[in-house]
Protein chains: 2
Amino acid sequence: MVLSKACTYGVLASLYVAKQSENKSYVSIRDMSDELNISFHFLTKILQKLTAEGILQSHKGPKGGVLLARPAQSITILDVVLAIDGEKVFTECVLGLPGCGAQRPCPLHNHWVTVREDLKEMFTAKTLAATSDDIRELGLRLSLD
Amino acid sequence: MVLSKACTYGVLASLYVAKQSENKSYVSIRDMSDELNISFHFLTKILQKLTAEGILQSHKGPKGGVLLARPAQSITILDVVLAIDGEKVFTECVLGLPGCGAQRPCPLHNHWVTVREDLKEMFTAKTLAATSDDIRELGLRLSLD
DNA sequence: GTAATAAAAGACTCTTTTATCTTAAATTAA
DNA sequence: TTAATTTAAGATAAAAGAGTCTTTTATTAC
Ligand code: SF4
Ligand code: SF4
């Protein structure tokens with residue numbers, strides 16, 4: 001798995017929040033966890049991290065929940081991935097060799113670097129706004145089942 | 001991490017065996033684990049799987065060890081990856097959604113499929129023979145440090 | 001045949017990730 | 001100001017992945 005489960009949940013949740021974000025009200029984590037079929041408390045932790053990283057803002061109490069901290073057009077899926085799994089996704093060696101770099105690269109290196117960059121490009125190219133719009137247009141559900 | 005640790009160890013070990021395979025004698029797992037700095041018993045388990053999958057052949061007793069079961073030119077890195085981590089590396093959804101396929105794909109799908117195929121192509125293109133030759137020519141060490 | 005060697009097999013431990021449960025703090029509405 | 005709601009925080013548990021240890025089995029060399 002390229003991304004951790006926490007990270008994929010974070011991406012799904014971000015898209016869900018983006019999709020709801022026309023209603024100016026906060027998005028309930030409980031509703032979200034029900035809709036997406038993700039454990040409430042686990043999701044809460046992930047969203048806390050996204051909040052700490054400045055991608056979401058949260059609000060306690062009745063009518064509380066989370067919202068995008070910035071316009072959905074300005075947040076890419078890459079932003080969410082980096083907030084949760086960090087840079088390592090895009091810097092790691094495919095053979096897990098530590099400290100092995102581009103100087104004297106092994107036969108896999110060049111190809112691997114293009115794969116990694118293509119993956120990063122994929123996440124960079126998609127904003128939450130564009131992606132959630134597409135998802136809505138296609139009538140796709142984000143749920144885990 | 002795209003590949004499990006067991007899988008990266010398996011690839012490194014296969015390349016090591018391929019490199020030694022001019023000497024017709026069996027390659028000692030103990031020597032290999034020392035050279036590659038991989039836990040002996042853990043490596044043994046991985047090699048057992050490669051043996052069961054028909055990639056290696058093994059021999060017990062003094063002068064025992066493992067050998068490639070087929071010519072190094074006929075074994076790709078993909079073969080090793082599939083033997084250990086299986087097809088899922090190349091079939092999984094990047095968002096971890098189960099049973100979600102190409103019919104009504106999400107906005108990430110097409111790009112993701114090309115990334116996955118490129119990764120698979122990378123492993124397919126490299127035989128153990130060619131890769132270990134390149135590694136020898138470059139004077140690279142496979143060790144984990 | 002015996003002793004030494006080396007892989008096979010399986011039990012066991014440690015670590016990380018994933019998931020759950022409990023309590024605390026903040027906010028709202030009555 | 002009180003009760004209800006909802007996120008924050010942190011402890012705990014379960015599962016998976018990684019690594020270790022012990023015993024068994026097969027083979028070689030003497
Ligand atoms: S040169 Fe090879 S082993 Fe080193 S980081 Fe690149 S892909 Fe990994
Ligand atoms: S359509 Fe999207 S969610 Fe479904 S398998 Fe493809 S990448 Fe994953």
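Below, chains carry the letters A, B, ... as their sequence lines are ordered, and counting in each starts from 1.
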_If I take atom CD in residue A:Q57 and atom C1' in nucleotide D:dT7, what distance separates them, rounded to the nearest angstrom?_
14 Å

*asked:* If the cut-off is 4.0 Å, is B:Y9 near the phosphate of D:dG19, judged by side-chain N/O to OP1 or OP2?
replied: yes

_Selection from C:dT27, D:dA9, C:dT18 that lies nearest to any side-chain heavy atom of A:A6_ = C:dT18

*Name the closest nucleotide to the A:S39 side chain, picking from D:dA4, D:dT7, C:dA19.*
C:dA19

*What's the NZ-C1' distance between A:K63 and C:dA26, to the nearest Å?*
17 Å

_A:M1 vs B:R30, nearer the 5' end of DNA chain C by closest nucleotide_ = B:R30

*Would you say A:T44 reaches D:dT7's phosphate, i.e. side-chain N/O to OP1/OP2 under 4.0 Å?*
no

*NZ of A:K88: more than 12 outside heavy atoms within 6.0 angstrom?*
yes

*Ignoring hydrogens and angles, are the base of D:dT20 and the side chain of B:K45 linked by a donor-acceptor pair under 3.5 Å?*
yes

*Could you check how far CD1 of B:I46 sits from P of C:dA7, rounded to whole Å?*
14 Å

_For B:Q57 against B:T51, the heavy-atom pair lying closest together_ = CA-CG2, 4.3 Å

*Where is the tightest heavy-atom contact between B:T124 and B:T76, given as atom of each residue plus distance?*
O-CG2, 3.4 Å

*Does anything in residues 18-26 of chain A reach DNA chain C, meaning a heavy atom under 4.0 Å, and if so which residues?*
none

*What is the distance, rounded to the nearest whole Å, between atom CZ of B:F40 and atom P of D:dT22?*
14 Å

*Using 30° and 60° as the class limits, which term best fits the ring planes of B:F90 and B:F123: parallel, tilted or perpendicular?*
perpendicular

*Check the distance between C:dT16's P and B:K5's NZ and give it to me in whole angstrom.*
10 Å

*Are any non-hydrogen side-chain atoms of B:I84 and B:L3 less than 4.5 angstrom apart?*
no

*Quick one: is B:H41 getting a side-chain N or O under 4.0 Å of the C:dA9 phosphate, OP1 or OP2?*
no

*Indicate yes or no: does B:E35 engage B:K19 in a salt bridge with an N to O separation below 4.0 Å.*
no

*Find the distance A:I38:CD1 to C:dT20:P and express it as a whole number of Å.*
12 Å

*Between B:I84 (CD1) and D:dG17 (C1'), how many Å, whole number?*
14 Å

*asked:* Can you measure B:F42 atom CZ to D:dT20 atom C1' for me and round it to whole angstrom units?
replied: 11 Å

*Minimum-distance nucleotide (side-chain atoms of B:P62 versus D:dT7, C:dT5, C:dT18)*: C:dT5

*Are A:I38 and A:Y16 close enough that some pair of their side-chain heavy atoms sits under 4.5 Å apart?*
no

*Ignoring backbone atoms, test whether B:S58 places a side-chain nitrogen or oxygen under 4.0 Å from the OP1 or OP2 oxygen of C:dA6.*
no

